[in-house]
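Below is one structure, written out as structure tokens, with a few remarks after it.
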Amino acid sequence: MFAASVTPAGTFHTFKLALLLSLASCSSNKAGLAVLGVGSNTTLLLRLLWYSARYAPHAVTHSSLNAVTAACTKDPDGIVWVQGGSLLLAHGGVCVLGDFSKFKKESRQSVCRVLESGVVQVECATRLRQHTPTLKYPLRAAAWACYDPAHTRTSTTNTNPLDNFLHVPLGDLTKSITDVFGLVVYAETPAGECESEAEEVITLHTLLEATTQYSPPKPLLPPDQLTQYLCMVRGLQVEFSVCAEKLIRGYYVATRRLRGDCVQGSSVPVTAIHTLTQVAASHARLALRSTVEGWDAVAAVLLCEEALAAHSGYSLLQIQPTPHLPLHTDLHTLVGRKNDERMVNFQRTLEEFIETHTGDIPTVT
């Protein structure tokens, strides 16, 4: 039901879940989970980003008039000042970057460097570098953005590879961009069957809200209670169980081995293990548990494998990306016994996958 006032329940389900996990990871001591939503409907993706940001402890919405990282300026008296950019000002919260496909190349590269290194470096003009020391600040914010590959310019020679999922030129949605964002969520499926159902639900929702006679139902969890809940979630200190560490480490090593040949450009980044631990820890916090159990690791693997399957066109664990939930799905299938059975079966598949492809490595098994 999260963000049901923006898009109806079930639509953009995976993207909403990623934003909730990112909200649970916000901290003033470390960078939060970065989320990138990929799809053609950036209008709704942006609305979801803006709506979710209100539940962050601190939120900054980036504007093209401001710097992304930080910059040095010199006043008439000759004093050099540091002007904080959006990523730096979002300390302890969320930085909503917006539509990443509309960023200039230099800005995209600057964001990628910050997310990859975890350090915000102050950019100084050439005339100021001799008199200004190199200033670096640790990144302490979660970066959110969306991306529409269709906005990229197509090459006249038609040499740009097509994305296996969206079937549009990748343009500058390069491996580095998808690597530096922790969770990359594709909001569309190859055949578009989920999107047609989701669009019907969203259209009906929009038309009903436009009528004066329509009164939206009260949310199951009022905004003030949701704010209190997320505040309590962020304050939890979690520890990893042996089972969770084994599953995360084993999946990471196995996928790196099998996708190490960069088949279809889908190799697993080195940062994937950090993403897996962040997602698993946030999943445990949302359940108000202080220990990250095996099923938290399984949920993290499921989300990351779904992103890899969406980007590359295939899954090593036979996962089908589901950005939107099917219509008329009962609660037992979503969060009840049927879902428990599905997750238990997936955990068995994951354990067999790890044993098969890392059984020769003692430190993993």
Side-chain angles (χ1 to χ4, degrees), residues 10-19 21 33-40 45 146-149 161-170 173-195 197-198 247-248 250-276 278-280 283 295 297-326 334 339 342-343 345-354 356-358:
T11 58
F12 294 94
H13 173 75
T14 306
F15 189 57
K16 293 177 181 178
L17 177 58
L19 294 176
L21 291 167
L33 179 64
V35 177
L36 176 69
V38 181
S40 57
L45 292 176
C146 61
Y147 194 96
D148 182 8
L162 291 180
D163 184 89
N164 293 304
F165 205 64
L166 298 179
H167 301 289
V168 296
L170 281 172
L173 182 59
T174 58
K175 177 173 171 288
S176 61
I177 294 178
T178 55
D179 283 359
V180 296
F181 280 89
L183 273 182
V184 180
V185 180
Y186 281 73
E188 299 177 7
T189 53
E193 65 279 358
C194 290
E195 285 67 53
E197 293 183 356
L247 289 173
I248 290 175
Y251 171 74
Y252 173 76
V253 173
T255 49
R256 289 276 293 182
R257 275 186 160 189
L258 295 180
R259 293 180 182 265
D261 56 354
C262 299
V263 176
Q264 300 182 5
S266 59
S267 63
V268 181
V270 179
T271 55
I273 193 167
H274 177 63
T275 299
L276 287 166
Q278 270 192 313
V279 174
H283 192 271
W295 49 82
V298 172
V301 169
L302 183 62
L303 280 173
C304 292
E305 181 66 19
E306 185 174 332
L308 285 173
H311 183 64
S312 63
Y314 73 97
S315 169
L316 297 172
L317 295 169
Q318 292 76 50
I319 295 299
Q320 295 294 328
T322 53
H324 311 281
L325 296 179
L334 298 178
N339 181 68
R342 181 177 69 92
M343 294 302 292
N345 292 332
F346 177 70
Q347 181 169 348
R348 292 198 192 101
T349 303
L350 175 61
E351 290 171 347
E352 293 173 359
F353 172 77
I354 293 172
T356 301
H357 299 288
T358 66

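Remark: Lys16 NZ to Leu325 CG distance equals 9.0 Å, nearest 0.5 Å.
Contact annotation: the side chain of Phe12 never approaches that of Val185 to less than 4.5 Å [non-hydrogen atoms, C-beta and beyond].
With Glu306 contributing its side chain and Thr322 its backbone, the two residues share a donor-acceptor pair below 3.5 Å.
Pairs engaging residues 307-316 under the salt bridge (Lys or Arg N to Asp or Glu O under 4.0 Å) rule: none recorded [sequence neighbours left out].
Residues satisfying the side chain to side chain donor-acceptor pair (under 3.5 Å) criterion with Thr11, sequence neighbours excluded, are Thr7. Glu305 meets the salt bridge (charged side-chain N to carboxylate O under 4.0 Å, His left out) test with Arg259; sequence neighbours excluded. By the ring-ring contact (aromatic ring centres under 6.0 Å, His included) test, His13 is found to be paired with no residue, residues two or more places apart in sequence or in another chain being considered. Taking Tyr252 as the reference, nothing meets the ring-ring contact (aromatic ring centres under 6.0 Å, His included) condition, with sequence neighbours excluded. With sequence neighbours left out, Ala307 forms a side-chain contact (heavy atoms from CB on, under 4.5 Å) with no residue at all.
Taking every heavy atom of both residues into account, Ala187 and Leu45 meet most closely at CB-CD2, 4.3 Å. Heavy-atom minimum distance, Gly250 versus Thr358: O-CG2, 3.8 Å. Nearest heavy-atom pair across Cys304 and Tyr251 is C-OH, 4.3 Å. Nearest heavy atom pair, residue Glu352 against residue Thr356, reads O-OG1, 2.7 Å. Of all heavy-atom pairs spanning Gly37 and Phe15, the tightest one is CA-CE1, 3.6 Å. Shortest non-hydrogen contact noted between Gly182 and Thr275 is O-CG2, 3.1 Å.
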task = Show your reasoning for whether side-chain contact (heavy atoms from CB on, under 4.5 Å) applies to Thr14 and Tyr186.
result = CA-CA 9 Å; Thr14 306; Tyr186 281 73; over 6 Å; no

request  = Go through the steps to decide whether Arg342 and Asn339 satisfy the test side chain to side chain donor-acceptor pair (under 3.5 Å), and finish with yes or no.
outcome  = CA-CA 5 Å; Arg342 181 177 69 92; Asn339 181 68; 2.9 Å; yes

key: Worked check of side-chain contact (heavy atoms from CB on, under 4.5 Å) between Tyr147 and Val184   = CA-CA 10 Å; Tyr147 194 96; Val184 180; over 6 Å; no

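Each of Leu33, Leu183, Thr271, Leu21 was compared with Gln278 under the side chain to side chain contact (heavy atoms under 4.5 Å, CB included) criterion, and only Leu33 meets it.
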